[in-house]
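Have a look at the structure below before the remarks.
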Amino acid sequence: MTDTTRGRQLLPGQTSRVHVYDLATRTSRPVFASRAVLVEAPNVLDARTLVLNGDGDLWLLRLPEPGSDVVLDESALVRVPMPGVAEINNDHVLDPSGASVVVSARDGELYRVPLPDGGSAERLTDTAAVLPVVRKYYLHGIAPDGSVLAAIVGERTVDGVWTTDVALVDPASGATTFLTRDEHPDDGCAITPDGRTVLFNTERFTPGTAQLAALRLDGGDPVRLTADERVDWFPHLSPDGQHLLYLSYGPGVQGHPADHPVELRLLPGVLVRGARMAVVPETLVALDGGQGTVNVPPWSPDSTWFAYCDYPVE
């Protein structure tokens with residue numbers, strides 16, 4: 001690991017774990033556990049490799065053989081060199097080609113990093129261009145053809161007001177197009193596998209309570225996908241479009257804090273495509289986590305499993 005303290009750190013007695021959840025059997029198995037480093041936000045590079053962040057860096061984790069009961073530790077993490085990027089947070093998304101990953105850095109910019117061996121990072125945004133407004137980009141999705149990035153843009157104006165809105169970023173030019181631009185806090189955006197819709201969580205329907213929404217890129221208003229007293233974040237549609245996975249906090253929770261009792265829930269993917277049907281969400285896992293559990297797309301390419309993190313404390 002690194003010599004200086006960077007990124008989130010484990011609490012006394014806390015363990016950072018990564019699990020793989022099999023959708024067919026509705027079972028999960030631990031594949032990684034560490035009392036030394038807190039890893040977050042798994043992406044699935046291929047059937048055997050995860051991408052995570054921890055200690056402000058990016059790491060690859062080669063999974064044990066399917067069916068194995070081996071649980072890896074921090075010695076199995078392989079650091080991805082990112083020259084030019086000082087520190088990243090847990091908002092990172094794989095390019096559909098698998099040849100790179102776009103990371104969100106603590107300086108508020110987005111950078112493209114080659115995979116699997118790393119290398120010089122390409123900066124994709126320029127927050128200095130909008131001064132005196134303070135702008136930060138938090139990436140959550142990439143279009144299936146890689147042509148556009150779905151990001152949450154946080155801005156603090158000269159009068160001190162902080163807003164978070166859904167935007168599309170052109171990785172070639174850095175041009176930013178806002179899809180929402182209002183006082184309602186939005187976050188956790190992702191582009192659906194067909195490239196037609198952005199999913200995100202928002203407080204526009206119930207102030208103070210995040211709920212999931214879908215916004216068609218060809219026009220229209222956000223459509224509400226969840227409507228209960230729970231606080232819902234980070235919608236992730238499976239690559240085959242059949243399953244909508246999301247993170248759910250208990251009523252009254254503000255934001256997406258760490259170290260909370262949370263649930264991973266599942267809804268039919270047809271809701272995203274406009275189906276109007278009454279569905280009770282299925283709770284797949286109840287765990288200790290929140291921040292870092294599934295901030296970014298965690299699905300396997302074949303939609304049969306996903307990865308997630310939890311952080312139990314003794």
Side-chain angles (χ1 to χ4, degrees), residues 41 89-91 93 104 108 110 125 127 130 132-143 148-170 175-192 196-237 244-258 260 262-263 265 267 271-274 276 281 290-297:
N89 64 18
N90 57 22
D91 298 320
V93 181
S104 306
L110 302 180
T125 53
T127 59
V130 295
V133 172
V134 175
R135 176 178 288 185
K136 292 181 178 294
Y137 289 87
Y138 304 95
L139 183 70
H140 290 279
I142 299 181
V148 69
L149 314 177
I152 293 299
V153 178
E155 286 190 344
R156 187 174 70 240
T157 59
V158 291
D159 57 3
V161 176
W162 180 260
T163 60
T164 53
D165 291 291
V166 180
L168 300 180
V169 179
D170 182 341
T176 300
T177 303
F178 284 89
L179 300 181
T180 64
R181 193 73 157 159
D182 49 44
E183 74 280 8
H184 303 296
D186 301 323
D187 212 322
C189 58
I191 300 180
T192 56
R196 298 177 179 176
T197 305
V198 170
L199 307 178
F200 62 105
N201 52 266
T202 179
E203 296 183 14
R204 68 188 59 245
F205 304 117
T206 306
T209 300
Q211 299 279 274
L212 304 187
L215 179 61
R216 294 273 301 185
L217 295 182
D218 56 7
D221 296 322
V223 175
R224 188 172 187 169
L225 298 179
T226 58
D228 54 34
E229 74 280 4
R230 294 185 65 85
V231 178
D232 300 328
W233 277 74
F234 301 131
H236 300 300
L237 192 64
L244 178 61
L245 176 73
Y246 65 98
L247 180 74
S248 184
Y249 290 89
V253 174
Q254 298 296 302
H256 60 294
H260 269 250
V262 294
E263 296 178 1
R265 291 186 156 196
L267 284 170
L271 296 177
V272 175
R273 298 189 290 274
R276 299 293 91 191
Q291 177 71 281
T293 295
V294 286
N295 291 56
V296 295

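- Inter-residue side-chain proximity for L179 and V198 is flagged as met; some heavy-atom pair is nearer than 4.5 Å.
- T164 places no side-chain N or O within donor-acceptor distance of the main-chain N or O of D187, the cut-off being under 3.5 Å.
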Practice item. May I have the step-by-step check of side chain to side chain contact (heavy atoms under 4.5 Å, CB included) for R224 and T206, ending in yes or no? Key: CA-CA 11 Å; R224 188 172 187 169; T206 306; 3.1 Å; yes
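- Counting only distance, with no hydrogens or angles, the side chain of T127 and the backbone of K136 share no donor-acceptor pair below 3.5 Å.
- Taking both residues in full, the closest heavy atoms of G250 and V231 are given as O-CG2, 3.5 Å, listed atom of the first, atom of the second, then distance.
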**Study point:** Stepwise side chain to side chain contact (heavy atoms under 4.5 Å, CB included) check, V223 with R216
**Key:** CA-CA 9 Å; V223 175; R216 294 273 301 185; over 6 Å; no
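- When all heavy atoms of H184 and D182 are compared, the closest pair comes out as N-OD1, 3.0 Å.
- In terms of modelled atom types and a separation under 3.5 Å, the side chain of Y249 and the main chain of P257 share a donor-acceptor contact.
- Note: L267 CG to L212 CG = 7.5 Å, rounded to the nearest 0.5 Å.
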Review point. Should L225 and L244 be marked as a side chain to side chain contact (heavy atoms under 4.5 Å, CB included) after you check the CA-CA gap, both sets of side-chain angles, and the distance that decides it?
Key: CA-CA 10 Å; L225 298 179; L244 178 61; 4.1 Å; yes
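- Here E155 contributes atom CD and T163 contributes atom OG1; the two are 5.5 Å apart, rounded to the nearest 0.5 Å.
- Q211 places a side-chain N or O within donor-acceptor distance of the main-chain N or O of A227, the cut-off being under 3.5 Å.
- Rounding to the nearest 0.5 angstrom, the gap separating the CD atom in E183 from the CZ atom in R204 is 8.0 Å.
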Exercise for review: Please report the C-alpha distance between R135 and V153 in whole Å, then the side-chain angles of each, then the deciding distance to 0.1 Å, and finally whether the side chain to side chain contact (heavy atoms under 4.5 Å, CB included) criterion is met.
Suggested key: CA-CA 7 Å; R135 176 178 288 185; V153 178; 3.6 Å; yes
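- Judged by distance alone, with hydrogens and angles left aside, the side-chain atoms of T197 form no donor-acceptor pair with the main-chain N or O of T192 at under 3.5 Å.
- Atom CG of D165 and atom SG of C189 lie 10.5 Å apart (nearest 0.5 Å).
- Between the side chain of S104 and the backbone N or O of D91, at least one donor-acceptor pair lies under 3.5 Å.
- In summary, R230 and D228 do not engage in a salt bridge, as defined by a charged side-chain N under 4.0 Å from a carboxylate O.
- Heavy atoms only, all atoms of each residue included: L139 and G141 are closest at CD1-O, 3.5 Å.
- For H140 and F234, the gap between ring centers is short of 6.0 Å.
- Using a 4.5 Å heavy-atom threshold, the side chains of I152 and V166 count as touching.
- Side chain of T157 to backbone of V133: no donor-acceptor contact under 3.5 angstrom is found.
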Practice item. Begin with the C-alpha distance, continue with both residues' side-chain angles, and end with the deciding distance and a verdict on side-chain hydrogen bond (donor to acceptor under 3.5 Å, both in side chains) for T176 and Y137. Key: CA-CA 10 Å; T176 300; Y137 289 87; 2.7 Å; yes
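- Taking both residues in full, the closest heavy atoms of Y246 and W233 are given as CB-O, 3.5 Å, listed atom of the first, atom of the second, then distance.
- Across L199 and P235, no two heavy atoms sit closer than the pair CB-CG, 3.7 Å.
- Between atom CD of residue E203 and atom OG1 of residue T209 there is a gap of 7.0 Å, rounded to the nearest 0.5 Å.
- For the atom pair CD1 of I191 and CG of L217, the computed distance is 6.5 Å after rounding to the nearest 0.5 Å.
- Taking a cutoff of 4.0 Å between a charged side-chain nitrogen and a carboxylate oxygen, R265 and D232 do not qualify as a salt bridge.
- G290 and N295 make their closest contact through O-OD1, 4.1 Å (heavy atoms, listed as atom of the first residue, atom of the second, distance).
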